[in-house]
Participant: 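First the structure, which I've put down as structure tokens, then a few questions once you've had a look.
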Amino acid sequence: MLPLAHTLSFSPFPAFKSSTTTRLIVKMLSSAMKCGENQVGSLVLNPPSHPTYDLKGVIQLALSEDAGDRGDVTCKATIPDEMEVEAHFLAKEDGIVAGIALAEMIFNEVDSSLKIDWSIKDGDSVQKGQQFGKVHGRAHSIVVAERVVLNFMQRMSGIATLTKAMADAAHPAKILETRKTAPGLRLVDKWAVLIGGGQNHRMGLFDMVMIKDNHISIAGGVTNALKSVEQYFEQNNLRMGVEVETRTLEEVKELLHFASTTKTSLTRIMLDNMVIPLSNGDVDISMLKEAVELINGRFETEASGNVTLDTVNKIGSSGVTYISSGALTHSVKALDISLKIDTELALKVGKRTKRA
């Protein structure tokens with residue numbers, strides 16, 4: 001199957017004026033945004049690099065999913081074609097906003113004549129009831145873009161908000177996400193983690209060797225698995241980061257013994273499920289701390305399993321380099337954000353329902 005960048009091809013949507021059809025490939029994003037109609041004025045943090053991911057294609061797919069083959073029939077039926085309005089972004093709860101730069105890309109894809117102004121940037125905090133941006137232009141275009149923009153921004157802001165809380169609590173350890181992302185939205189999810197102050201784990205199966213439990217079981221142990229990686233690297237003249245998952249102190253010791261007797265590409269050791277949950281809601285990190293002491297700085301370490309906002313501070317105190325949490329992206333609670341033309345009425349209703 002061809003990568004997404006080679007398979008997505010859409011005609012201009014019936015609901016809006018199409019902008020350039022040039023692909024916006026992520027690996028070219030930084031330079032592309034410096035000129036022409038792909039410019040994004042609010043970009044403060046580039047998305048992660050990926051060799052095949054087509055961010056513009058993802059945006060077009062989301063718009064096409066909404067527009068179908070007729071476009072916005074409600075909009076066409078109720079709003080004069082050339083009417084212009086101004087709509088305001090409204091936070092309905094406290095949090096960290098992410099997706100501002102992506103929102104600009106979406107608005108530009110729908111109608112490049114729209115004017116967008118922000119009072120904050122990606123990664124800034126907002127309070128419930130705060131207006132933090134506005135878009136002015138053709139009403140049809142704003143209404144068509146509204147839901148797609150909000151779907152991305154709400155999800156990204158939810159991820160960034162949780163990431164910020166986890167990263168602050170984990171210090172001095174660094175917080176990582178995992179590959180437990182929404183299918184097709186991995187780069188967007190991982191971008192939100194960066195905006196929230198976390199760091200990215202591997203993007204996919206291609207950019208890091210990560211020997212996990214099933215690989216170890218099939219290979220017949222951590223030593224055999226790591227030996228196979230070294231042989232593969234030599235045969236293919238390849239070098240990249242190598243992480244091995246360990247589940248017991250015996251596996252940690254076996255790995256360290258091999259590394260002490262052989263030149264190895266090993267860079268990081270994952271200490272999986274060495275955080276033991278207790279009946280009172282606390283966790284026992286004694287096994288994790290013992291593993292970190294055994295490794296003694298020879299390799300990076302990563303704690304995984306039983307990581308929550310309540311436990312991450314204690315885990316971070318163990319001395320691990322990184323803490324990974326799938327919950328940052330697989331169980332995200334979207335941040336409540338709206339885009340309203342009549343902001344006075346929206347605030348009135350929001351106060352009535354305690355959402356503004």
Side-chain angles (χ1 to χ4, degrees), residues 1 3 27 48-53 170 173-181 186-187 190 193 198-276 284-307 315-316 318-326 328-330:
M1 182 178 291
K27 63 182 177 180
S49 177
H50 192 289
T52 61
Y53 198 95
K174 301 172 183 67
I175 198 77
L176 306 171
E177 83 295 82
T178 68
R179 286 168 50 239
K180 297 174 183 177
T181 52
R186 177 166 299 168
L187 184 138
K190 286 178 173 281
V193 167
Q199 295 188 15
N200 290 149
H201 212 304
R202 59 178 178 161
M203 281 299 298
L205 300 174
F206 61 91
D207 59 335
M208 179 183 187
V209 170
M210 188 166 173
I211 303 172
K212 292 178 65 65
D213 52 359
N214 285 335
H215 303 113
I216 293 166
S217 296
I218 293 168
V222 290
T223 299
N224 287 344
L226 189 53
K227 282 181 179 178
S228 296
V229 169
E230 303 295 358
Q231 292 170 2
Y232 179 81
F233 277 2
E234 186 174 348
Q235 292 165 1
N236 293 274
N237 193 26
L238 187 64
R239 287 292 176 269
M240 62 176 61
V242 177
E243 180 170 7
V244 177
E245 176 182 308
T246 58
R247 297 157 291 182
T248 65
L249 293 176
E250 288 68 34
E251 284 186 330
V252 173
K253 292 173 183 177
E254 180 184 343
L255 200 57
L256 292 173
H257 175 72
F258 175 75
S260 68
T261 58
T262 309
K263 185 178 179 180
T264 178
S265 301
L266 179 66
T267 53
R268 187 185 306 173
I269 300 175
M270 177 186 285
L271 308 169
D272 190 48
N273 287 313
M274 295 188 186
V275 175
I276 314 301
D284 178 1
I285 63 166
S286 57
M287 183 180 180
L288 178 65
K289 288 182 70 173
E290 186 175 349
V292 171
E293 289 167 4
L294 283 169
I295 296 164
N296 194 29
R298 282 175 281 180
F299 302 98
E300 295 176 340
T301 52
E302 176 186 332
S304 177
N306 294 307
V307 178
I315 296 170
S318 67
V320 291
T321 318
Y322 300 103
I323 302 172
S324 57
S325 171
L328 293 178
T329 54
H330 74 54

Participant: Answer yes or no: is there a donor N or O on one side and an acceptor on the other, between the side chain of Asp207 and the main chain of Gly204, under 3.5 Å?
Facilitator: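 Judged by distance alone, yes, a pair lies under 3.5 Å.
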Participant: Ignoring hydrogens, what is the shortest heavy-atom contact between Val275 and Gly305? Give both atom names and the distance.
Facilitator: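 For Val275 and Gly305, the tightest heavy-atom pair comes out as CB-O, 3.8 Å.
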Participant: For Gly319 and Thr301, which heavy atoms make the closest approach, and how far apart are they?
Facilitator: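 Heavy atoms of Gly319 and Thr301 come nearest at O-OG1, 4.2 Å.
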Participant: Might you point out which heavy atoms bring Ala170 and Ile323 nearest each other, and give the distance in Å?
Facilitator: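 Residues Ala170 and Ile323, closest heavy atoms: CB-CD1, 4.0 Å.
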Participant: Measure the CZ-OH distance between Arg186 and Tyr53 for me, rounded to the nearest 0.5 Å.
Facilitator: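 Nearest 0.5 Å value for the CZ-OH distance: 9.5 Å.
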Participant: For the residue pair Thr223 and Leu255, establish whether any side-chain heavy-atom pair is separated by less than 4.5 Å.
Facilitator: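 The answer is no; the side chains never approach within 4.5 Å.
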Participant: State which residues pass side chain to side chain contact (heavy atoms under 4.5 Å, CB included) with Thr248; sequence neighbours excluded, sorted by chain then number.
Facilitator: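 Scan of Thr248 (side chain to side chain contact (heavy atoms under 4.5 Å, CB included), adjacent residues dropped) gives Glu250, Glu251.
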Participant: Please list, one pair per line, the donor and acceptor atoms closer than 3.5 Å that link side chains of residues 214-222 to other protein atoms, with sequence neighbours excluded.
Facilitator:
from, atom 1, to, atom 2, distance (Å)
His215, ND1, Lys212, N, 2.9
Ser217, OG, Asp213, O, 3.1

Participant: State, yes or no, whether a side-chain contact exists between Arg179 and Leu205 at a heavy-atom distance under 4.5 Å.
Facilitator: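 Yes; the side chains approach each other to less than 4.5 Å.
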Participant: Could you measure the distance from the CD1 atom of Ile211 to the OG atom of Ser228? Nearest 0.5 Å is fine.
Facilitator: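 Answer for the CD1-OG pair, Ile211 versus Ser228, is 8.0 Å.
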Participant: With sequence neighbours excluded, what pairs up with Glu300 under the side chain to side chain contact (heavy atoms under 4.5 Å, CB included) test?
Facilitator: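 Only Arg268, Thr321, Tyr322 meet the side chain to side chain contact (heavy atoms under 4.5 Å, CB included) criterion with Glu300.
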Participant: Please report the C-alpha distance between Ile269 and Val244 in whole Å, then the side-chain angles of each, then the deciding distance to 0.1 Å, and finally whether the side-chain contact (heavy atoms from CB on, under 4.5 Å) criterion is met.
Facilitator: CA-CA 5 Å; Ile269 300 175; Val244 177; 5.6 Å; no
Participant: Do you know the tightest heavy-atom contact between Ser324 and His201?
Facilitator: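 Taking every non-hydrogen atom into account, CB-CD2, 4.4 Å.
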Participant: Just verifying a value: how many Å separate Glu290 CD and Glu293 CD, rounded to the nearest 0.5 Å?
Facilitator: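 So the CD of Glu290 and the CD of Glu293 are separated by 7.0 Å.
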Participant: Please list, chain by chain and in numerical order, all residues satisfying side chain to side chain contact (heavy atoms under 4.5 Å, CB included) with Asn200, sequence neighbours excluded.
Facilitator: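 Side chain to side chain contact (heavy atoms under 4.5 Å, CB included) check on Asn200 returns Pro48, Glu177, Lys190, Val193, Leu194.
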Participant: Quick one: does Phe258's side chain get under 4.5 Å of Lys253's, heavy atoms only?
Facilitator: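 When only atoms from C-beta onward are counted, Lys253 and Phe258 do not touch, as no gap falls below 4.5 Å.
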Participant: Taking Asn236 for the side chain and Leu238 for the main chain, is one N or O donor matched with an acceptor at less than 3.5 Å?
Facilitator: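 No.
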Participant: Check the pair Asn306 / Ile276 against side-chain contact (heavy atoms from CB on, under 4.5 Å), numbers first and verdict last.
Facilitator: CA-CA 7 Å; Asn306 294 307; Ile276 314 301; over 6 Å; no
Participant: Could you grab the distance from atom CE of Met240 to atom CZ of Arg202, nearest 0.5 Å is fine?
Facilitator: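 Nearest 0.5 Å value for the CE-CZ distance: 10.5 Å.
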Participant: Less than 4.5 Å apart, any side-chain heavy atom of Glu302 and any of Val320?
Facilitator: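 No, too far: nothing below the 4.5 Å cut-off.
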Participant: I'd like to know if the side chain of Thr178 reaches the main chain of Ser325, judged simply by a donor and an acceptor atom lying under 3.5 Å from each other, with no hydrogens or angles considered.
Facilitator: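 Such a contact is absent between Thr178 side chain and Ser325 backbone.
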Participant: Quick check: closest heavy atoms across Gly241 and Met208, and the distance to 0.1 Å?
Facilitator: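 Minimum heavy-atom separation between Gly241 and Met208: O-CG, 3.5 Å.
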Participant: Say you draw a straight line from CE of Met203 to OG1 of Thr181; how long is it, rounded to the nearest 0.5 Å?
Facilitator: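 Reported to 0.5 Å precision, the distance equals 8.0 Å.
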Participant: Taking Ser318 for the side chain and Lys289 for the main chain, is one N or O donor matched with an acceptor at less than 3.5 Å?
Facilitator: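 No, because the side chain of Ser318 does not come within donor-acceptor range (under 3.5 Å) of the backbone of Lys289.
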Participant: Could you measure the distance from the CG atom of Leu328 to the CD1 atom of Ile175? Nearest 0.5 Å is fine.
Facilitator: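 Spacing of CG (Leu328) from CD1 (Ile175) equals 5.5 Å.
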Participant: For Thr246, does its backbone N or O pair with a side-chain atom of Asp272 as donor and acceptor, under 3.5 Å?
Facilitator: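 No; zero donor-acceptor contacts below 3.5 Å.
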Participant: Applying side-chain hydrogen bond (donor to acceptor under 3.5 Å, both in side chains) as the test, list every pair that has at least one member in residues 256-267; sequence neighbours left out.
Facilitator: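 Found Glu230-Thr264, Glu230-Ser265.
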Participant: Partners of Arg298 by side chain to side chain contact (heavy atoms under 4.5 Å, CB included), sequence neighbours excluded?
Facilitator: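 Testing Arg298 for side chain to side chain contact (heavy atoms under 4.5 Å, CB included), a comparison that skips the adjacent residues, returns Leu256.
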